[in-house]
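Both ligands and their constituent atoms are indexed starting at 1 by order of listing. Predicted, not measured: the structure shown is a model, and the values here were computed from it. The analysis underlying the following values was restricted to heavy atoms, covering all of them including side chains, and did not include hydrogens, waters or symmetry mates.
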Amino acid sequence: MNKSYGINIWGDNNFVIKNSTVNINYKSQPSLLEITNQIRNKGYKGPLLLRFPHLIKKQISTLYNEFNRAREEFNYQGKFQAVFPLKVNQFPNFINTLIDVSKAYNYGLEAGSKAELVIAITHTPMGAPITVNGFKDKEMISLCFIAANMGHNITITIEGLGELETIIEVNQEFNKKRKTPVIPKIGVRIRLHSSGIGIWAKSGGYSSKFGLTSTELLEAYELIKKHALLEQLWMVHFHIGSQMSDIAPLKKALREAGNIYADLKNRGATALNAINIGGGLAVEYSQHAHSKEINYALSEFANDVVYLIKEIAKNKGIDEPDIFTESGRYIAASHSVLIAPVLELFSQDYHEKSLRLKETNPPLISELYDLWTSLNRSNAREYLHDGLDHMESLLTLFDLGYIDLEDRSNAELLVNMIIKKSILLLNNDDTEELKKLQNKIQERYLVNFSAFQSLPDFWGLQQHFPMMPIDKLDIKPSNPATIWDITCDSDGEIAFNGNAPLYLHDVDVDTDEYFLAFFLTGAYQEVLGMNHNLFTHPTEVVVDFDKEGNYLLNKLIESQNIMDVLEDMDYDKNHLDKKLKYQIEESTLINKTQKRELLGKLYLYLSENSYLKTIQANNEDPS
Ligand SMILES: *Cc1c(COP(=O)(O)O)cnc(C)c1O
């Protein structure tokens, strides 16, 4: 029942708890609560996605600094370069910021589709690297040639022999009549014998979707040579999968790739000068020390990569190549935080205020009440057992008709209160019994967000994301919590897990706003997010800081309104509009004035986003 929600494990010093709130550990250190309230006071309700440019910059500079430190330490001659793989987050508020904060590093973009390639061509600074992976047709390869003609430093990674044949064909079309041909650089993706680990193991290994086997590689080499493209062949690429929890598979892959590189180079591919180790650098999402996801630090990762490639270069008598990475998750995950209001608690009736004690109660009820009031640290275990025992007896008495519904309700309330209080008092005794009891008394927090839209990897891969309230952190949370999102889908539930428990505060949301923050949502979640139940991308804001250190809320994009959501589904907006109007006008239940009033209301609602504003009809305060 830790009040810090494991912030020291997953937080990387990006956030600090100050008194009751969680604050950004940067410049004036504003609290997430203050920022959230400011945005909500402008009328933007529902979930909010905050982006922090300083955290993008931090990840990029840390990546470069660690690799450059390792290069110096091992006296490594090749350069370090990196690109951002667009598939991890293509949203303009993210990409524009990324390009802006990475200017000093010659940082580039990696594209895996035509649309991503257009983002890369239009956003990568001239001269910074663009790499193009994934399956490519003739049009996509032609786009790469066009980019090269613009002056871009672009590398086509060949994933199969067919692509190489297309490159040769496109090259003839583009350069036949030219004295000085302009050709993109060529990389080869190799199919490794060694594979990754974990859920993404498919990305590497022999059964991988991508890459050339050694036989194909030799054929490719001959083809490249035959068509006088050896000068273009400069990169060997591999990618063993995402969120590598262990560094051992990477080392194995590096030895394999390094030796392939050296062999090609010694065979005559003299222009070869780069090894691209792909992505896979992991992010620590765990909130509990016993369930950490990673067994290495970035410094170790950089040391291993630089050292291993240096060794291979020395043994094979070749120059030390440039090292490329395509880390995406590591760069993007920490930059965004999703903040969502709690709309309701679903077992609030287990509360003292709901008791309906009578003038004279059945003796067991009075006893339960005494147990509850006199419960303390030293008697908690005994009283808890007594309470559970009484509950059994009371339920039997009810079945036999000796007590009434009010008595039964009092019994349920009191036993729940006793369990809750005992768990709080006994929180250091980590027994199985307590863990089981917590499941019984867990509270369901209905939260105004869609897990399908904002945490799709939780739904699809059971990926955990750190979560915590943004206020009340000076108070020990007492409720074992299950999170419910507002979709009508039972999968939109983050269930209480006794082995990695989440505790939240006992709040009355009718009088007290309570927000949950979900961290490390910046990688993959946004574009994988689906509009299940037609809940769309949340309202987003970029949080910049000025020279004085004060925060600025920039580039706000509100979550789509209802009609735009439907239009995106290819509904005809005008038709819907007409139909709504017609149905009100034709109604025989209401008069003209009432019709006008309803139309006004209807259009107001349609202009709003589809997340909930209120939960109960009698609650005037929008959430
Ligand atoms: C997805 C992908 C990456 C990024 O992987 P991360 O685990 O996010 O770093 C890099 N390179 C290639 C080829 C990819 O497919």
For atom 1 (C) of ligand 1, what's the nearest protein heavy atom and its distance?
K87 NZ, 1.4 Å
Within-cut-off N or O pair, G280 and ligand 1, under 3.5 Å:
yes
Pairing donors with acceptors under 3.5 angstrom, does anything connect the side chains of H532 and D489?
yes
Contact atoms of ligand 1, heavy-atom distance to R189 under 4.0 Å:
13 (C)
Do the charged groups of K79 and E320 touch, with an N to O distance under 4.0 Å?
no
Determine, using ring centers only, whether Y26 and F545 are less than 6.0 Å apart.
yes
Heavy-atom nearest option to atom 12 (C) of ligand 1, drawn from R329, M244, E326, E159
E326
If we number the atoms of ligand 1 from 1 as shown, the ones under 4.0 Å from a heavy atom of H237 are 13 (C)
Residue, atom name and distance, where the atom is the protein heavy atom closest to atom 8 (O) of ligand 1:
Y524 OH, 2.6 Å
Tell me if the centroids of the rings in F324 and F80 come within less than 6.0 Å of each other.
no
Within ligand 1, which atoms have a heavy atom of V88 less than 4.0 Å away?
8 (O)
N133 heavy atoms within 4.0 Å reach ligand 1 at atoms 13 (C)
Ranked by distance from atom 7 (O) of ligand 1, the top protein heavy atom is S242 OG, 2.4 Å
Closest non-hydrogen atom pair between A517 and V337, with its separation:
CB-CG1, 3.9 Å
Where do Q463 and Y285 land on the side chain to side chain contact (heavy atoms under 4.5 Å, CB included) test, with the steps shown first?
CA-CA 8 Å; Q463 176 64 59; Y285 293 97; 3.1 Å; yes
Tell me the protein heavy atom at minimum distance from atom 9 (O) of ligand 1, and give that distance in Å.
G328 N, 2.8 Å
Using a strict cut-off of 4.0 Å, indicate which atoms of ligand 1 neighbour a heavy atom of S327.
9 (O)
One finds that the ligand 1 atoms under 4.0 Å from a non-hydrogen atom of G279 are 5 (O), 9 (O), 10 (C), 11 (N)
Quick one: are F449 and I486 in side-chain contact, heavy atoms under 4.5 Å?
no
Would you call K57 and D100 a salt bridge, taking side-chain N to carboxylate O under 4.0 Å as the test?
no
